[in-house]
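Following: one structure in structure tokens, then a few remarks.
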Amino acid sequence: MVQAVNNALEIKLADDENVVIYGEDAGVEGGVFRVTEGLQQKFGEKRVFDSPLAESAIVGTAVGMAIAGLRPVVELQFCGFVYPAFNQIISHAARIHNRTRGKYKTPMVIRFPYGGGINALEHHSESMESIYGHIPGIKVVIPSTPYDAKGLLISAIESDDTVIFMEPKRIYRAIKQEVAEEKYSIPIGKAKVVSAGTDITIVAYGAMIREVQKAMVMAKSKNISVELIDLRTIYPLDKETIVKSVQKTGRLMIVTEEPNTFGVAAEITAIANEEAFLYLEAPVKRVTGFDVIVPLPASEHFYMQTPEKIFYELERVMKF
Amino acid sequence: MVQAVNNALEIKLADDENVVIYGEDAGVEGGVFRVTEGLQQKFGEKRVFDSPLAESAIVGTAVGMAIAGLRPVVELQFCGFVYPAFNQIISHAARIHNRTRGKYKTPMVIRFPYGGGINALEHHSESMESIYGHIPGIKVVIPSTPYDAKGLLISAIESDDTVIFMEPKRIYRAIKQEVAEEKYSIPIGKAKVVSAGTDITIVAYGAMIREVQKAMVMAKSKNISVELIDLRTIYPLDKETIVKSVQKTGRLMIVTEEPNTFGVAAEITAIANEEAFLYLEAPVKRVTGFDVIVPLPASEHFYMQTPEKIFYELERVMKF
Amino acid sequence: MFKEYNPIENKIFRIIDNEGKVINTEGKPAIEDEKVLKAYKDMLFARTADIMAVSYQRQGRMYTYPPNYGQEAVSGALAQIMREEDWLVPAFRELGAWLAKGATLKDLFLYFKGNEEGTAFRNAKKLLPISVPIASQLLHAVGIGYSINYKQEKDVVFTIVGDGGTSEGDFHEALNFAAVWKVPVIFIVQNNQFAISVPVKKQTASVNIAVKSIAYGMPGIKVDGNDFFAMYAALNRAQEFARNGNGPVLIEALTYRKGAHTTSDDPTKYRTKEEEEFWAQTDPLKRLFLYLKQKNLFSDNEESELIEQYKKEVDRQFDEAENSPATQLEDVFKYMYADMPEDLKVQQMEYEKFLKWKESQQ
Amino acid sequence: MFKEYNPIENKIFRIIDNEGKVINTEGKPAIEDEKVLKAYKDMLFARTADIMAVSYQRQGRMYTYPPNYGQEAVSGALAQIMREEDWLVPAFRELGAWLAKGATLKDLFLYFKGNEEGTAFRNAKKLLPISVPIASQLLHAVGIGYSINYKQEKDVVFTIVGDGGTSEGDFHEALNFAAVWKVPVIFIVQNNQFAISVPVKKQTASVNIAVKSIAYGMPGIKVDGNDFFAMYAALNRAQEFARNGNGPVLIEALTYRKGAHTTSDDPTKYRTKEEEEFWAQTDPLKRLFLYLKQKNLFSDNEESELIEQYKKEVDRQFDEAENSPATQLEDVFKYMYADMPEDLKVQQMEYEKFLKWKESQQ
Ligand SMILES: Cc1ncc(C[n+]2csc(CCOP(=O)(O)OP(=O)(O)O)c2C)c(N)n1
Ligand SMILES: Cc1ncc(C[n+]2csc(CCOP(=O)(O)OP(=O)(O)O)c2C)c(N)n1
Ligand SMILES: [Mg+2]
Ligand SMILES: [Mg+2]
């Protein structure tokens, strides 16, 4: 996925001279995960560069650049270090378009890796997508494959809205996939039916897709047919795809890495309840993190959803 | 409610010499809403004081004070101005206890007014409780009456956990209620059945309670019997009270001021779905704000829930 | 100029005294009398509008308003300095500067009447909207500055913040980024000595605010913000400095908020009559008026006449704002995104159903 | 001292040269030889542990580790200065200082092995945990400082941040609050010249970091951070200053991170061999060793013996950490709140059911 993101950035840098990329260590070093590696060498220091260590400034200056006509793509180092920029995101990146009645736009992308499962220390494993999804005025995208990462990031950069682009770092290098060299895009706001099924719908995204797929192997051996939906975009949510599927299967499970309460899974439960109430044959099941801080690696295995755990929950839903 | 909050602060200042109160304009002026009025005069500048204009510092220094044994109660001026402090809240106020395995506690309260309906300009009307509720490690309290405000705030100050105390400024001076002079407390984490009913459960909190009560007058004229639950605490959520009620009435509606998607109402829907699935006779209804920035006063009436709107939605749920 | 008025020595740059007499001929900028007169008139217009705004608010015809009373020379000088190609990134207390960049009083009245249409400043170019979250706008100015360098343009960005705003982290980050990136941004701190009720001595322990520039390696200067000429000269120099690729400048404009913080504030709670009287002596309009009068460029009569004329204009624009069409439901949704999510359309439609029902009930 | 080494002149406070010769006898602090020797031994212990930590990590026995290599004099001096009643509010690269405050290597190894038990520093008093979100810890130090004044205690707070950390808004807010509140907090910037790959000249345009103190009205001094004596003297003076109610001090400790940022970083990407060689000359242990040797207080032999002894101790504590009991499910929940919500108990119970099921599947 690192490669695919790098490729999308390179394509857009070549494509559009208004695109600039910056962040802590994003220039010379190519970022802590080497996602922007080689781009400064190719496009020069004016277009790909290191910034001082200050997240509020990184996002706040991007707002200014976007207003002035550039298309900044900024990198923040981890989901856990976005918070100093929270005010700039919610008070400005999300609002300039509305506040100026469309006179100024903020075509900017805020990229950062998120999620657990990489044996990282505190503040380096969190998933906080529902917080961003709750903020009116921004869009929130999470890819689950290299192919999607490229297509979605290109759409994000081309979007005239502020897009939060969260990268599941656990699968940065774990999923191998051939990705076309040329430019293509995947629309923001559309979920994808990864595999069709008839007994139960599972909604997931990011690194959880792979875990669910592993659980599906176990399910298959028990003759449970799962329809897997990759959300791809956290906001705007593709209700239609979810609802259609639930109307067909009658059962729904959502798998995320977030803390449970007030998370993405609650919203999807509410959608199913609102739009597929009469079709539901069992309570919607949320398979999510505990309401705790993601533990350090020695205990993280308790927190993260594993194929086994997903299968266990799935069976329980099927037995209802 | 202003009086009640002031009274709770005064009681705790007198009670416990470790309690200190500060914030922008919180000292000499007594705060922009005069909630801390008179306290500096009574308790001196060391205990009730003005701070420089910097929210991150206000919360961050409170974390330090709490670690060192004080019980800071800080005031931030509006819900829309909490964001600069977001990092200190999520990365420290919520985590010091866990990070030190209980060695250090953060007995601190972060108070701020929230909500619309007071004809305020941008950034002065928002309700973002679900974001705080989603953060593991803190508790989030919202009173709906002067009586509750006093009792809950006293509990919050006495709590050894970090408590976010959101005050519905719309009813700061709108609800008149005799409040006992003496000290009393109301437990955090317990919802209150405001009025019993049999046809439908409505869950609300803060300023929305009063609106629902007005809608209930209309409902009564149509012979709809409403059970109204005041959540009082956003996290930890009192599932038991909600579920019990829904099991009785079979119908549930949630009324909040928040943007809809990923809001508190989604969580409560998910709870009802999980724990009262077989009792639900109609889809749970979310009556919330749009997914937009709270409009300025000239358009705010479109955004805020009114008794009429609540009644309209209620009737639709009853007709399902 | 920046060397001579090294802020570490806490000197203040001043050209005329409280009676409008030139006390620093050397430093006096070369402006034609005509331009000075125009500046005065603009400041007078701003003051007239400002006073009337407060009274509209008192009449319950606007929701709130942050008075500029006593601080007009800062915006007044800036109004003369800004070129069309320069950007203004404002806070919320620079009426004269907004007007100079093309905002109308009608826009502002709409805004303070709670109508979003007023936030757009639709016909103003290179003017950002009013920014309420303190100090956050400074970073936008720096981003715009980067874009100017990137496109090799010669524009300059002027951005404004209050003394209270200097305590926010964003102030620090903005000045630091600006200096590291060497962007053409002039940071103007309107030090009106209060952040609502909090005096500047409770805001910072530094000798003054201009001295903070040292922390970022940029020039800084403390200027008498109630002295039109001093502000003009300092801004002029800073503009030249920035345009020539030397990077940002910090200007502390020492002034005094004669009015309330906003119309819901009562300053008698936190300041004394003596203090107010002291500062009344330094009133920027009074000083410039005396200057002009001494030079026979302007008279009391002309002033009274102008004020009458201005009042009519202000009233006219206020009426226009008051008679603007009511906002519509779609205004709440329309501008949330460049590309609107389906869901918002549904929310709007659902609400329309409610409105129909409501109508049907009457 | 603070006046003499006014940071605006970019002077640096230094006592011994690269060969361990005293070049500033006047400034040299009065410490007994014995104490200097102890300091050296502590630094040697820290270096030994540090080098071994890197190798444990390479062996895959720890997840990550931020090396202190080359920066030991900062923590080494601090270790001698801090009294029992003083607080230490650390960042994440001050091994020697943590140890001095009562953290054990075992704690640290547990931490970097991903075991939360290591974050608590259970037996250390007045030591905050490692703080990862850059610069955010400085505000905690200021809060503690307020509490010290409030309780009329005589403690001092030492807090540490990197050069990169000076760009964060929290750095600014912390220093500003500290000066306004006049709290006894010593801010130590470990200027090791890099924030991961970003050199300090891309971090700020100011002449140095100490000069930033001027923005807050507090004394600041730039110190050779690889010179134990200079660090000792500066910290000593700052401690005295703060204890006597004069408020905070900013100390810039100029040093160099000889190792990688963390074990997942490769410094050859962003710095040259020449640069590394230049700084190798200034190595703090080398300098202090030469000083001691010249005074016949210490020898190569003693050093080698000590290192062997230290290695055993480090290995012992590492073994202890490695043989610590595995974490339990309840450890994930137990400390989230002082008063645990019902819901967390339910989540734990539900998970236990899953674990039972899982067992039953085998
Ligand atoms: C982040 C933030 N915190 C608090 C407020 C509330 N508030 C509005 S104006 C103000 C004082 C501003 O003082 P100063 O910067 O000196 O500007 P002045 O009002 O004097 O022009 C405050 C605290 C805000 N708007 N934004
Ligand atoms: C708020 C925040 N942003 C980013 C990071 C990621 N990060 C960890 S260390 C580091 C560099 C710190 O540099 P400096 O302050 O100079 O300290 P040093 O590592 O040199 O000791 C960064 C960017 C972080 N931990 N916190
Ligand atoms: Mg001010
Ligand atoms: Mg560094």
Side-chain angles (χ1 to χ4, degrees), chain B residues 23-34 37 45 49-58 60 77-78 80-81 83-85 87 118-125 218 259-261 287-303 306 308-309 311-313 315-316, chain C residues 63-64 92 110-119 129-136 162-171 195-199 202-204 261-262 264-266 269-270 324 326-333 335-336 341 343-344 347-348 350-351 353-355 357-358 361:
Chain B
E24 296 152 19
D25 306 288
V28 173
E29 180 159 76
V32 279
F33 287 101
R34 308 292 182 269
E37 190 152 51
E45 272 192 56
F49 52 102
D50 293 320
S51 77
L53 206 176
E55 289 78 10
S56 184
I58 292 169
Q77 292 197 332
F78 284 88
F81 305 140
Y83 310 127
N87 188 40
I118 62 155
N119 288 327
L121 294 192
E122 211 193 341
H123 306 284
H124 289 78
S125 300
M218 302 184 215
N260 184 62
T261 304
V287 181
T288 66
F290 308 127
D291 286 327
V292 304
I293 296 151
V294 187
L296 295 190
S299 310
E300 198 186 9
H301 60 99
F302 293 124
Y303 182 94
T306 58
E308 264 173 320
K309 173 82 182 338
F311 173 70
Y312 162 79
E313 302 285 8
E315 246 196 350
R316 294 209 301 173
Chain C
Y63 290 114
T64 187
F92 51 84
L110 276 172
Y111 179 73
F112 291 112
K113 287 167 92 52
N115 184 322
E116 253 110 4
E117 191 47 38
T119 63
I130 288 174
S131 182
V132 172
I134 303 292
S136 59
D163 47 309
T166 65
S167 296
E168 286 280 5
D170 277 358
F171 172 84
I196 309 186
S197 71
V198 180
K202 282 196 201 166
Q203 205 66 247
T204 178
H261 169 69
T262 64
S264 44
D265 173 51
D266 172 15
K269 283 198 112 179
Y270 52 83
S324 286
T327 55
Q328 302 298 312
L329 179 62
E330 65 162 9
D331 294 328
V332 171
F333 295 95
Y335 300 108
M336 280 302 302
D343 220 43
L344 286 186
Q347 291 182 3
Q348 184 178 335
E350 289 291 322
Y351 199 82
K353 281 191 206 154
F354 160 66
L355 290 177
W357 170 86
K358 195 170 148 185
Q361 298 292 299

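In this text the structure is predicted, and so the values were computed from the model without any measurement. Letters A, B, ... mirror the listed sequences (proteins, then strands); counts begin at 1.
- Contact annotation for C:Tyr111: both backbone and side-chain heavy atoms come within less than 4.5 Å of a heavy atom of chain B.
- Every residue two or more places apart in sequence or in another chain was checked for a side-chain hydrogen bond (donor to acceptor under 3.5 Å, both in side chains) with C:Tyr351, and none qualifies.
- Interface check for chain C: of the options B:Pro84, B:Ala298, B:Gly30, the most heavy-atom pairs under 4.5 Å are formed by B:Ala298.
- Side-chain atoms of C:Gln347 come within 3.5 Å of backbone atoms of B:Asp291 as a donor-acceptor pair (strictly under, hydrogens ignored).
- Heavy atoms of C:Leu344 lying under 4.5 Å from chain B belong exclusively to its side chain.
- Heavy-atom distances place no part of B:Ser56 under 4.5 Å from chain C, backbone and side chain included.
- Only the side chain of C:Asp343 comes within contact range of chain B, with heavy atoms under 4.5 Å apart.
- Contacts of C:Thr204 with chain B are absent, with no heavy-atom separation under 4.5 Å from either backbone or side chain.
- Interatomic distance, CD of B:Glu24 versus OG of C:Ser167, reported as 9.0 Å (0.5 Å rounding).
- For chain B, the nearby part of C:Lys358 is the side chain; its heavy atoms alone come within less than 4.5 Å.
- Looking at B:Ile293, the atoms closer than 4.5 Å to chain C (heavy atoms on both sides) sit in the backbone and in the side chain alike.
- Only the side chain of C:Ile134 comes within less than 4.5 Å of a heavy atom of chain B; its backbone N, CA, C and O stay farther away.
- Going from atom NZ of B:Lys309 over to atom NE2 of B:His301 covers 13.5 Å, rounded to the nearest 0.5 Å.
- Of the listed residues (B:Asp50, B:Val28, B:Asn119, B:Asn260), the one with the most heavy-atom contacts under 4.5 Å to chain C is B:Asn119.
- Most heavy-atom pairs under 4.5 Å with chain B, from the set C:Lys113, C:Gln361, C:Gln328: that is C:Gln328.
- The CZ atom of C:Phe354 sits 4.5 Å away from atom OG1 of B:Thr306, with the distance rounded to the nearest 0.5 Å.
- Proximity to chain C (any heavy atom under 4.5 Å) is shown, for B:Phe290, by both the backbone and the side chain.
- Remark: B:Ser299 OG to C:Asn115 CG distance equals 6.5 Å, nearest 0.5 Å.
- Here the shortest heavy-atom pairing between C:Asp266 and B:Arg34 reads N-NH2, 4.5 Å.
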For C:Thr119 and B:Leu296, run side-chain contact (heavy atoms from CB on, under 4.5 Å): C-alpha distance rounded to whole Å, both residues' side-chain angles, the deciding distance at 0.1 Å, then the answer. CA-CA 10 Å; C:Thr119 63; B:Leu296 295 190; 3.9 Å; yes
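- Side chain of C:Asp265 to backbone of C:Thr262: no donor-acceptor contact under 3.5 angstrom is found.
- When heavy atoms are compared at a cutoff of 4.5 Å, B:Glu55 approaches chain C by way of both its backbone and its side chain.
- Classification of the B:Tyr312-C:Trp357 ring pair by plane angle, with boundaries at 30° and 60°, yields tilted.
- Qualifying side-chain hydrogen bond (donor to acceptor under 3.5 Å, both in side chains) partners for B:Asp25, counting only residues two or more places apart in sequence or in other chains: B:Gln77, C:Ser197.
- When each of C:Lys269, C:Glu116, C:Met336 is scored by its heavy-atom pairs under 4.5 Å with chain B, the top score falls to C:Glu116.
- Contact of C:Gln348 with chain B is not made at all, since no heavy-atom distance falls under 4.5 Å.
- Residue B:Phe311 touches chain C through its side chain alone, counting heavy-atom pairs closer than 4.5 Å.
- The most heavy-atom pairs under 4.5 Å with chain B, out of C:Phe171, C:Phe333, C:Tyr270, come from C:Phe333.
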